[in-house]
Amino acid sequence: GFNYAGEIGNGSLATADNLYPVPTFTGGKEVTKAAGGYRTTMCITSEATDNLYVWGSNGELRLGMNTDVNVDEYGPLNLSIVEYATKPLLNKKIISVATSHGTSGYLTDEESNNLYMVGSNSDGQIGDGTTTGKLTAVNICDISASELGGKKVIDVKISSANHSMCITNETTNNLYIWGNNDYGQLGINSYDSSTIPIKPTDIEGCELTGMKIMSIAVNEGSSYCIAQDTSGNTKLYSWGYNGNGQLGLGHTDDVLIPTQVTGFLTNKKLITVVAGGYTAGCLTSESTDNLYMWGDNSEYQLGLGTTDNE
C-alpha cells in the first residue's frame with residue numbers, strides 16, 4: 001500500500017507503493033494487534049512490558065516521540081524504551097492501540113486509569129482539558145475534571161474528524177466521548193465540543209441510559225455503538241454527521257443524540273460495529289449472511305457491485 005512516510009515499516013521510503021504484503025518485523029516478535037492511521041502505523045507484541053512499536057510520519061506529534069520535529073520512522077520503533085521515550089509508558093504493557101489523523105491512544109493492562117493519549121489536540125480530542133498538542137502520552141483518567149478517574153477503559157476509538165470515544169468495564173452507562181462536535185457526534189443534543197471525556201447518558205432523555213455499551217466505532221464526524229439492555233437485547237445506535245446516510249437511519253440529516261438503527265437489524269443479536277470514511281457496517285450472530293453495510297458507496301465499498309449509496 002501507500003508508503004509516503006514509511007508507514008509500511010520495511011525500513012525504506014520507496015517512491016513506488018508496495019503492491020503486495022511485505023514483512024515488517026524480522027526479530028522473532030509476536031505481534032498481537034496493529035492499527036493504522038494517516039501515514040502512521042503502530043502495533044503491540046506479546047512481550048510482558050514495553051511492547052509498543054510505532055513507525056511512519058511524526059507529523060502533528062502522532063508518534064509520541066517527545067519531539068515536535070517531523071522525523072519519520074521507516075521501521076518499527078519501540079516507543080517505551082528509546083532515549084526520548086514517552087516515560088508514562090515505560091515498563092507498562094499495552095493491550096490495545098488506536099490512531100487516526102494526528103492523534104493516538106493506548107490502553108495498558110492496569111486495573112484502572114489505563115488510557116493514554118498523545119499527538120494533535122486542536123479540538124480537545126486528547127481529552128486533557130486543553131487544545132494543546134502533546135509530545136508524550138498523557139493519562140486521561142488522571143485529569144481532575146475527567147469522569148474516567150478510577151475507571152478501567154476496555155476500548156478506545158479516534159476519529160480523523162477529531163473526536164474520541166471509549167468504553168469502560170462498568171456494567172451500565174459506560175460510554176465516554178470528547179473532542180470536536182461540529183456535527184453533533186458527541187451525542188449530547190448540542191454542537192458544544194468538549195476537551196474532557198463526558199457521558200451522553202448524562203443528557204436527559206438519552207436512550208442509552210441504563211444500558212451497557214458492547215462495541216463502538218467512529219468515522220468522519222459520526223459515532224456508533226452497540227448497546228445491551230437489561231433483558232440482554234442488543235441494539236445499534238448512531239449519531240452525528242449523516243451526509244451519505246452512514247448513520248443507517250433512512251435519511252441524510254445530522255443527528256444530535258444517539259438514535260436506534262432499525263430495519264434489517266431489528267431483533268438480531270449484534271456483535272460488532274465498524275466504521276470508516278463515510279461508511280459503516282455491523283456483524284450479527286446469524287450463522288450465515290451476517291454482514292450488513294450502509295452509507296457512502298462511491299468506491300464500491302459496500303460490495304454491492306454498484307456505486308449507489310445505501
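- Here OG of Ser223 is found 9.0 Å from CG of Leu247. Values are rounded to the nearest 0.5 Å.
- Rounding to the nearest 0.5 Å places CE of Met211 at 10.0 Å from OG1 of Thr209.
- At least one donor-acceptor pair under 3.5 Å links the side chain of Lys199 to the backbone N or O of Asn173.
- Classification of the Tyr183-Tyr241 ring pair by plane angle, with boundaries at 30° and 60°, yields tilted.
- With contacts defined as side-chain heavy-atom distances shorter than 4.5 Å, the pair Glu207/Pro258 does not qualify.
- For the pair Ile198/Ile188, a side-chain contact is recorded, criterion being any heavy-atom separation below 4.5 Å from C-beta on.
- Closest of all the heavy-atom pairs between Gly105 and Ile158 is N-CD1, 3.4 Å.
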Legend entry - Worked check of side-chain hydrogen bond (donor to acceptor under 3.5 Å, both in side chains) between Glu220 and Ser160: CA-CA 6 Å; Glu220 297 277 352; Ser160 58; 2.6 Å; yes
Inset, instruction - With side chain to side chain contact (heavy atoms under 4.5 Å, CB included) as the test, would you mind laying out the steps for Tyr176 and Ile167 before giving the verdict? - result: CA-CA 6 Å; Tyr176 299 79; Ile167 52 176; over 6 Å; no
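- Side chain of Asn219 to backbone of Ser159: no donor-acceptor contact under 3.5 angstrom is found.
- The shortest side-chain heavy-atom distance between Tyr237 and Val255 does not fall under the 4.5 Å cut-off.
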Inset, instruction - Test Trp239 against Asn189 for side chain to side chain contact (heavy atoms under 4.5 Å, CB included), laying out the working first. - result: CA-CA 10 Å; Trp239 60 98; Asn189 202 25; over 6 Å; no
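- Minimum heavy-atom separation, Thr99 to Ser104: OG1-OG, 3.0 Å.
- Between Leu270 atom CG and Thr284 atom OG1 the span is 7.0 Å, to the nearest 0.5 Å.
- Across Cys141 and Lys151, no two heavy atoms sit closer than the pair SG-O, 4.3 Å.
- Taken together through direct or relayed side-chain contacts under 4.5 Å among Ile, Leu, Val, Met, Phe, Trp and Tyr, Leu236 and Leu256 form parts of separate hydrophobic clusters.
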Inset, instruction - Could you please spell out the steps behind the side-chain hydrogen bond (donor to acceptor under 3.5 Å, both in side chains) verdict for Asn113 and Asn139? - result: CA-CA 7 Å; Asn113 298 340; Asn139 189 321; 5.9 Å; no
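- Put simply, CD1 on Ile226 and CD1 on Ile216 are 11.0 Å apart, with the number rounded to the nearest 0.5 Å.
- In this structure, the side chain of Glu47 does not engage the main chain of Thr45 through any donor-acceptor pair within 3.5 Å.
- Between the side chain of Asn174 and the main chain of Ile213, a donor-acceptor pair closer than 3.5 Å is present.
- A donor-acceptor pair is defined here as one N or O able to donate and one able to accept, closer than 3.5 Å; such a pair exists between the side chain of Asn181 and the backbone of Leu186.
- Between Cys225 and Leu208 the shortest side-chain heavy-atom distance falls below 4.5 Å.
- Side chains of Pro197 and Ile140 form a contact here, defined as non-hydrogen atoms less than 4.5 Å apart.
- Interatomic distance, CG of Asp296 versus OG1 of Thr279, reported as 4.5 Å (0.5 Å rounding).
- Hydrophobic clustering (side-chain heavy atoms under 4.5 Å, transitive across Ile, Leu, Val, Met, Phe, Trp, Tyr) keeps Val261 apart from Val274.
- Checked by atom type and distance alone, the side chain of Glu110 never pairs as donor or acceptor with a backbone atom of Thr108 at under 3.5 Å.
- Side-chain contact between Gln185 and Val218 is absent, with no heavy-atom pair separated by less than 4.5 Å.
- Checking side-chain atoms of Lys235 against main-chain N and O of Asn233 turns up no donor-acceptor pair under 3.5 Å.
- At least one donor-acceptor pair closer than 3.5 Å links the side chain of Thr259 to the backbone N or O of Ile257.
- Side chain of Asn244 to main chain of Gln246: no donor-acceptor pair is present (N/O by atom type, distance under 3.5 Å, no hydrogens or angles).
- Using a 4.5 Å cut-off on side-chain heavy atoms (C-beta onward), Asp182 and His163 make no contact.
- Contact between Thr172 and Gly210 at its shortest, heavy atoms only, is CG2-O, 3.5 Å.
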Inset, instruction - For Tyr106 and Lys92, run side chain to side chain contact (heavy atoms under 4.5 Å, CB included): C-alpha distance rounded to whole Å, both residues' side-chain angles, the deciding distance at 0.1 Å, then the answer. - result: CA-CA 11 Å; Tyr106 318 119; Lys92 290 183 170 57; over 6 Å; no
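- By the 6.0 Å contact criterion, CG on Asp253 is enclosed, its count of non-hydrogen atoms from other residues, nucleotides or ligands being greater than 12.
- Checking side-chain atoms of Asn114 against main-chain N and O of Val153 turns up a donor-acceptor pair under 3.5 Å.
- Annotation: the span from Ile94 atom CD1 to Leu107 atom CG amounts to 8.5 Å, rounded to 0.5 Å.
- Closest approach of Gln125 and Ser120 over heavy atoms only: NE2-O, 3.3 Å.
- Hydrophobic clustering of Ile, Leu, Val, Met, Phe, Trp and Tyr side chains at less than 4.5 Å, counting indirect connections, unites Val273 with Phe264.
- Among the candidates Thr103, Asn162, Thr195, Asp128, the single residue satisfying the side-chain hydrogen bond (donor to acceptor under 3.5 Å, both in side chains) test with Asn121 is Asp128.
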Inset, instruction - Please test Cys166 against Trp178 for side chain to side chain contact (heavy atoms under 4.5 Å, CB included), starting from the C-alpha separation and ending with a verdict. - result: CA-CA 9 Å; Cys166 75; Trp178 62 97; 3.8 Å; yes
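- Counting heavy atoms from C-beta outward, Ser298 and Tyr278 have side chains that stay 4.5 Å or more apart.
- The two residues Trp294 and Gly245 make their nearest non-hydrogen contact at CD1-O, 3.6 Å.
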